[in-house]
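Numbering starts at 1 and runs along the sequence shown. Whatever order the structure lists ligands and atoms in, that order sets their numbers, starting from 1. Nothing here was measured: the structure is a model prediction, and the numbers come from that model.
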Amino acid sequence: MIKIAPSILAADPLHLGEEVKRAEKAGCDWIHVDIMDGHFVPNLAFSPAVVAAIRRETSLPLDVHLMMDDPGSMLDTFLSAGADSVTIHAEIRGDLPELLGRIHAAGASAGIAIKPATPVERVIPYFEQAEMILAMTVEPGFGGQQLDARVPEKISALRQAGYTGEIEADGGIREDNLKFLTEHGLTVAVMGTALFRNEDMEAAVRRMHEMTRN
Ligand code: DX5
Ligand code: ZN
């Protein structure tokens with residue numbers, strides 16, 4: 001059964017606490033927090049203070065997605081703010097094994113994200129060091145985009161390459177493309193627009209859990 005991680009980038013920024021509570025009540029599994037530095041992606045989003053505030057608001061695992069050129073510069077801050085999982089991008093110039101090691105040393109799970117155009121070969125060397133691979137289904141930076149049709153095959157390719165951890169996808173995921181993604185090996189679906197713009201989030205989450213129950 002798929003794990004559903006609502007992306008608060010699509011939530012009402014003036015009512016984040018209520019939106020997180022709404023997601024928890026609706027039966028979502030994780031909370032996905034996008035962090036953007038305005039360099040790695042042409043957008044800015046959230047802060048360690050928001051992660052800490054959300055930590056106080058929910059007991060759901062916080063899945064923090066660092067879209068940052070230099071995630072190492074603020075990694076400890078996000079970890080102490082309460083991140084349960086921290087995902088860094090394979091495209092950065094940093095020392096991935098060192099960063100993944102720091103995430104583990106803080107007791108959190110480590111993820112590596114790849115943009116739609118980045119081949120899976122880029123992350124194969126880190127399979128043993130990452131509890132999760134995030135296959136971005138859109139170019140990172142903004143919600144509400146269309147799912148990139150190249151990515152389902154990348155999810156299968158990760159499984160064929162022997163990856164047995166969580167595979168998360170993020171961007172453009174809706175009820176009508178979710179099952180297709182899970183058939184390729186997806187285990188965590190990040191959804192922003194499709195959840196927070198949904199007048200009955202609870203019913204949608206129930207349907208999506210149901211349709212992916214194996
Ligand atoms: C984009 C973010 C996604 C986004 C979700 O860079 O990483 O989490 O908010 O997108 P939608 O709204 O398409 O589900
Ligand atoms: Zn994200």
(request) Run the numbers for me: atoms of ligand 1, each under 4.0 Å from some heavy atom of H65, listed by number. (result) 7 (O)
(message) Can a donor-acceptor pair be found, under 3.5 Å and without considering hydrogens, that links the side chain of E168 to the backbone of M132?
(response) no
(request) Classify the side-chain pair H104/E131 by whether it contains a donor and acceptor separated by less than 3.5 Å. (result) yes
(message) Quick test of your reading of the model: are R102 and D76 salt-bridged, counting only N-O distances below 4.0 Å?
(response) yes
(message) For atom 14 (O) of ligand 1, what is the closest protein heavy atom, and at what distance to 0.1 Å?
(response) G192 N, 2.7 Å
(request) Any atoms of ligand 1 less than 4.0 Å from a non-hydrogen atom of M36? List them with their elements. (result) 6 (O)
(message) Distance under 4.0 Å to a non-hydrogen atom of G143: what atoms of ligand 1 satisfy this?
(response) 4 (C), 10 (O), 12 (O)
(message) With a 4.0 Å cut-off on heavy atoms, is E139 in contact with ligand 1?
(response) no
(message) Give me the nearest non-hydrogen protein atom to atom 8 (O) of ligand 1 as residue plus atom name, then the distance to 0.1 Å.
(response) D170 OD1, 2.5 Å
(message) Does ligand 1 come near enough to G141 that some N or O of the ligand is less than 3.5 Å from an N or O of the residue?
(response) yes
(request) Would you mind listing which atoms of ligand 1 come within a distance below 4.0 Å of any non-hydrogen atom of G171? (result) 10 (O), 13 (O)
(message) I'd like to know if the side chain of D63 reaches the main chain of S85, judged simply by a donor and an acceptor atom lying under 3.5 Å from each other, with no hydrogens or angles considered.
(response) no
(request) State the atoms of ligand 1, each with its element, that fall below the 4.0 Å cut-off from a heavy-atom position in H32. (result) 8 (O)
(request) May I ask you to list the atoms of ligand 1 that are less than 4.0 angstrom from any heavy atom of G172? (result) 11 (P), 13 (O), 14 (O)
(request) For atom 9 (O) of ligand 1, find the nearest protein heavy atom and state the residue, atom name and distance (0.1 Å precision). (result) S7 OG, 3.0 Å
(request) Could you list the atoms of ligand 1 found under 4.0 angstrom from a heavy atom of V190? (result) 8 (O)
(message) Could you check whether E19 pairs with R22 (Lys NZ or Arg NE/NH1/NH2 to Asp/Glu carboxylate O, under 4.0 Å)?
(response) yes
(message) With a 4.0 Å cut-off on heavy atoms, is A194 in contact with ligand 1?
(response) no
(message) Closer than 3.5 angstrom, by distance alone: can the side chain of K21 be matched with the main-chain N or O of E57 as a donor-acceptor pair?
(response) yes
(request) For M136, take its heavy atoms, then give the atoms of ligand 1 lying under 4.0 Å from any of them. (result) 7 (O)
(message) Please report, to 10°, the angle around the Zn ion (ligand 2) from atom OD1 (D34) across to atom ND1 (H65).
(response) 90°
(request) Measure from the side-chain N and O atoms of R122 to the backbone N and O of A90, and report whether any donor-acceptor pair falls under 3.5 Å. (result) yes
(request) Consider every N or O of L9 and every N or O of ligand 1, then say whether any pair is closer than 3.5 Å. (result) no
(request) May I ask you to identify the nearest protein heavy atom to atom 1 (C) of ligand 1, giving residue, atom name and distance to one decimal place in Å? (result) F142 O, 3.5 Å
(message) If the threshold is 4.0 Å, N to carboxylate O, is there a salt bridge linking K115 and E91?
(response) no
(message) Looking only at the side chains, is there a donor atom on one of S7 and D34 sitting less than 3.5 Å from an acceptor on the other?
(response) yes
(message) Give me the residue, atom name and distance of the protein heavy atom closest to atom 12 (O) of ligand 1.
(response) T193 OG1, 2.5 Å
(message) Using only atom types and a distance under 3.5 Å, with no angle test, would you say the side chain of K179 pairs donor to acceptor with the backbone of M211?
(response) yes
(message) Tell me whether D29 contacts the main-chain N or O of I4 through its side chain, where contact means a donor paired with an acceptor under 3.5 Å.
(response) yes
(message) More than 12 heavy atoms of other residues, nucleotides or ligands under 6.0 Å from CD of E98: yes or no?
(response) yes
(message) I need the contact type for D34 against ligand 1. Using non-hydrogen atoms and a strict under-4.0 Å cut-off, is it side chain, backbone, both or neither?
(response) side chain
(message) Tell me whether A10 has any N or O atom under 3.5 angstrom from an N or O of ligand 1.
(response) no
(request) Kindly give the atom name of the N, O or S atom of D170 closest to the Zn ion (ligand 2). (result) OD2
(request) Could you tell me whether a side-chain N or O of T212 sits under 3.5 Å from a main-chain N or O of I2, the two making a donor and an acceptor? (result) yes
